[in-house]
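Here the structure is laid out as structure tokens; the discussion comes afterwards.
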Amino acid sequence: MLSGASTLADAAGEILSMLDGAVAVAHNARLEEGFIAQEFARVGISAAPPAV
């Protein structure tokens, strides 16, 4: 089902653009931020964590 799907490296710029200035709402924001930061780091992007 994922054959041919975009990778994070392909979509990272668009994702970061959408998140810029956005307010994130999550049940366990620190945990989620850790997962997101780890995935960005895996493709060589250092993203500043959101203010929690």
Side-chain angles (χ1 to χ4, degrees):
M1 288 177 34
L2 296 176
S3 178
S6 298
T7 64
L8 178 61
D10 296 334
E14 185 176 349
I15 292 168
L16 289 172
S17 177
M18 286 189 295
L19 294 175
D20 187 32
V23 175
V25 178
H27 172 71
N28 194 348
R30 291 187 194 273
L31 177 69
E32 298 300 335
E33 186 276 327
F35 284 121
I36 292 168
Q38 183 177 7
E39 286 303 304
F40 277 115
R42 191 174 59 83
V43 296
I45 298 171
S46 176
V52 178

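Just so we're clear, the structure is a prediction, and the values are computed from it rather than from any experiment.
Pairs passing the salt bridge (Lys or Arg N to Asp or Glu O under 4.0 Å) check and including a residue from residues 34-45, sequence neighbours excluded, read E39-R42.
Among residues two or more places apart in sequence or in another chain, the side-chain contact (heavy atoms from CB on, under 4.5 Å) test is passed with T7 by A9, D10. Applying the side-chain contact (heavy atoms from CB on, under 4.5 Å) rule to L19 yields the partners I15; only residues at least two apart in sequence or on another chain are considered.
Distance CZ/R30 to CZ/F35: 15.0 Å, rounded to 0.5 Å.
Side chains of I45 and L16 form a contact here, defined as non-hydrogen atoms less than 4.5 Å apart.
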